[in-house]
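Below is one structure; the comments refer to it alone.
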Amino acid sequence: MHITFHESTKTFHLYNDDISYIMTIMRNGHLGQLYFGERIRDKEDFSYLLETCERPMTSYIYENDRTFSLEHIRQEYPVFGTTDYRQSAVEIQQENGSRICDFQYLGHTLSEGKPLLPGLPATYTEHEEEALTLTVTLKDAVTNVKAELLYTIFAKGGILTRSVRFVNEGTHPVMLTRAMSLCLDLPDHDYVWQQLSGCWARECHIHNRRLEPGILSIGSMRGNSSHEHNPFLVLKRQSTTERQGEAIGFSLIYSGNFRIQAEVDAHDTLRILAGIDPETFTWKLDCKETFQTPEAVMVYTCRGLNHMSQTFHKLYQKRLARGYWRDRPRPILNNNWEATYFDFTQESLLAIASKAKESGVELFVLDDGWFGARNSEHAGLGDWKANRTRLPDGIAGLSKQIEALGLKFGLWFEPEMVNKDSDFYRQHPDWILKTPDRNQSHGRYQYVLDFSRMEVVDAIYEQVSAILREAKISYIKWDMNRSITECYSSAWPADRQGEIYHRYILGVYDLYDRLTKEFPQVLFESCASGGGRFDPGMLYYAPQGWISDNSDAIERLKIQYGTSMCYPISSMGTHVSVIPNHQVFRNTPLHTRANTAYFGTFGYELDLNKLTPEEIEEVNAQIAFMKKYRNILQFGTFYRLLSPFEGNEIAWMVVSEDLKTALVGWYRVLNCINARYTRLRLEGLNPAYCYRNSQSGICCYGDELMYAGMITSDETAGQVPSGVTPYTDFESRIYILEAAEA
């Protein structure tokens, strides 16, 4: 791991064993992009990688030079309007109305480790030798605004993080109207763009398309990162697969409005921009004030998509998630929501919890409906005190009774929202986001609290922390069930209204930060009607999230497969739910529901009292299996094998750190007849280990399993013999492979 500055050529080279990132100070003082990719040897001069020439219909910087135009140069942090007509990384509106900037090199510093970003989630280091950080300072001479470009390269993996800090050293305030976290100009556009998109209940589906001239983007203007588009992008070569080939992953550590876009110009140069969505953002930067952009993470690999994902998994699992639960296997839980919805009493909850304890569940979670006048979604949000009609002993009393059963107790909150039918709203009707003299839209009969105001955040903090102090609570499910509309805060002046979306997210981060610091051993799980805010920003505070309200095992195959492109298995909330499923009304075998949910945090979303004795016996075995293998399932190395977006069979696997145990999940959506023989090529095994297959009892060396494949054929190949229980749709198996010798 090195960051080298070659003074004679004004060139920076950031590199480790996996990647090189090279840029240069150009003669106009701007930074030029020279190379990002697989590690190359360092040398003094890479300046020839910055190509210039005369082109028709081009504007040039210098009077007597018809070669130097920013329109045709790859740059690090470009501005608009000074010969570059592409989308810019930064734009500043000045007192005279101009938006022209000219950020020129002022200096740079090197530091060991990685600085924290005040008020924002970001990756971190625990030891200085884990990373090096380069800060390149640029300055606009007219406004005296500095842009400090932060680059951190980690010692291991193809990881580079980027962010920008603006400092107004001038005598007049300015308006930031665009402040992207990252720009990367690449020399060609021969990539497949891969995004994770969908909507409620079908989040993170994989979509691929070829890049063509013009602009392609994903983003959100909803106030949250959204179900529709995850803040994640992959550029991969056409020949890249899970096992081999070049790919670059881009991930934004942010939970609010964002944009990630690709622009291909007329000469096939590709520009990637990532950061806060500029359509919904302005920021008044007063004299001496600073503004910090969110952090963007880039991961490069030449070893395929699995390797790219594993790099993200390890980084986000160990150097984004934090605290007590970061490295600990997650408790197996039973959530009451789909078992009862709002129809519960203290006695019925204890009955569900008691049965769960008998089966080996470790954590009982009380979901929505325990507070205020909350008998439906119309009322109660904001009144975070127990409904004594339902819970005569309150949350403190119920939690003690749950713990007396031998379980931990968890509780649902939705702290960012309020119903108008609540005491909280009646006391503070001006504490919601609403535009004067305009209609107030609702979502699920609720309104968004103005978290840009610290007094609002303080009031919610006092309510939530009071409950956490008085009750025995080990887990919090933090929900958020609507996007922002009529985004206006009565507490801020007109020239600050463009800041509210971002200030809102800063308020959410502040509340998370306070609660996690005061209650460090509470396990927080983020939720936003499922995956509406499943993003890296949330993982910094809550090491796991509810990835979708859709708990159907077959639908979850696509959701979990897509989510794994960026996010570790330990971050995915996965539950076994009742049938017919409450989202798609599908009847799926109990073993398949568990076989899908094993690859996540695992739990149950049903009342075990309503299962048959045979089903309870199966549940007991599932829980015993998860307890035995959850450390591997949640923290092992994960590989995608067969995609649910490409065929009828789906497969993935996880391998222990010592390579002695592998767990393979195999799934078939629709049943077959007289089918072909099938084999599955595995990944990540030790070629020299002989692995015993739990299904067949056969021992095979790792090289055979990876190159010849593991047989997955069953009785559907050929005619089903008489006396054999026939397979049905939605079949699945877990193959346990244990090294018999080393």
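Note that this is a predicted model, so its numbers are computed, not measured.
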Exercise. What do you reckon, are the aromatic ring centroids of F232 and F312 less than 6.0 Å apart?
Worked result: yes

Exercise. Taking the six-membered ring where the residue is Trp, are the ring centres of Y567 and F534 under 6.0 Å apart?
Worked result: yes

Go through the side-chain N and O atoms of [X] and [Y] and say whether any donor and acceptor fall under 3.5 Å apart.
| X | Y | result |
| --- | --- | --- |
| Q560 | E555 | no |
| S551 | N581 | yes |
| Y316 | S251 | yes |
| W200 | D549 | yes |
| E731 | T592 | no |
| T712 | T678 | yes |
| Y21 | R39 | no |
| Y677 | R679 | no |
| E246 | T240 | no |
| N550 | S548 | no |

For this session: Go through the structure and list residues passing salt bridge (charged side-chain N to carboxylate O under 4.0 Å, His left out) with E126, not counting sequence neighbours.
Result: R319, R326

Exercise. Are F258 and Y254 close enough, and set up right, to give a ring pair (Phe, Tyr, Trp, His ring centres under 6.0 Å), and what steps lead you there?
Worked result: CA-CA 8 Å; F258 76 94; Y254 190 58; 8.3 Å; no

Problem set entry | Steps toward salt bridge (charged side-chain N to carboxylate O under 4.0 Å, His left out) verdict (D188, R237) | CA-CA 11 Å; D188 70 87; R237 298 298 187 181; 2.7 Å; yes

Is [X] atom [atom1] crowded by more than 12 heavy atoms from other residues, nucleotides or ligands, each under 6.0 Å away?
| X | atom1 | value |
| --- | --- | --- |
| E617 | CD | no |
| L670 | CG | yes |
| R586 | CZ | yes |
| K236 | NZ | yes |
| I711 | CD1 | no |
| E615 | CD | yes |

Exercise. Can you name the one residue among R640, R243, R303 that meets salt bridge (charged side-chain N to carboxylate O under 4.0 Å, His left out) with E683?
Worked result: R243

Side-chain ([X]) to main-chain ([Y]) donor-acceptor, under 3.5 angstrom:
| X | Y | answer |
| --- | --- | --- |
| R271 | V264 | no |
| Y691 | N686 | yes |
| N16 | I19 | yes |
| E649 | L680 | no |
| E228 | G198 | no |
| H313 | S564 | yes |
| S694 | I736 | yes |
| T601 | M572 | yes |
| S181 | P294 | yes |

For this session: For N671 and T728, run side chain to side chain donor-acceptor pair (under 3.5 Å): C-alpha distance rounded to whole Å, both residues' side-chain angles, the deciding distance at 0.1 Å, then the answer.
Result: CA-CA 6 Å; N671 203 15; T728 65; over 6 Å; no

Is [Y] paired with [X] through a side-chain N to carboxylate O contact shorter than 4.0 Å?
| X | Y | answer |
| --- | --- | --- |
| K156 | D18 | no |
| K318 | D327 | yes |
| K628 | E738 | no |
| K558 | D552 | no |
| D714 | R668 | yes |
| K114 | E130 | no |

Problem set entry | Geometric cation-pi criterion R328 and Y324, 6.0 Å radius, 45° cone | yes

For this session: Report yes or no: is the cationic atom of R322 (NZ for Lys, CZ for Arg) closer than 6.0 Å to the six-membered ring centre of Y540, at no more than 45° off its axis?
Result: yes

For this session: Please identify each residue that fulfils side-chain hydrogen bond (donor to acceptor under 3.5 Å, both in side chains) with N648, with sequence neighbours left out.
Result: none

Problem set entry | Results of side-chain hydrogen bond (donor to acceptor under 3.5 Å, both in side chains) for H229 - residues two or more places apart only | S197

Exercise. Does K660 reach the side chain of V655, with side-chain heavy atoms less than 4.5 Å apart?
Worked result: no

Exercise. Taking it one step at a time, do H575 and F602 satisfy ring pair (Phe, Tyr, Trp, His ring centres under 6.0 Å)?
Worked result: CA-CA 5 Å; H575 295 172; F602 197 73; 8.4 Å; no

For this session: Identify the residue among Y561, W666, Y629, W652 that makes a ring pair (Phe, Tyr, Trp, His ring centres under 6.0 Å) with F599.
Result: W652

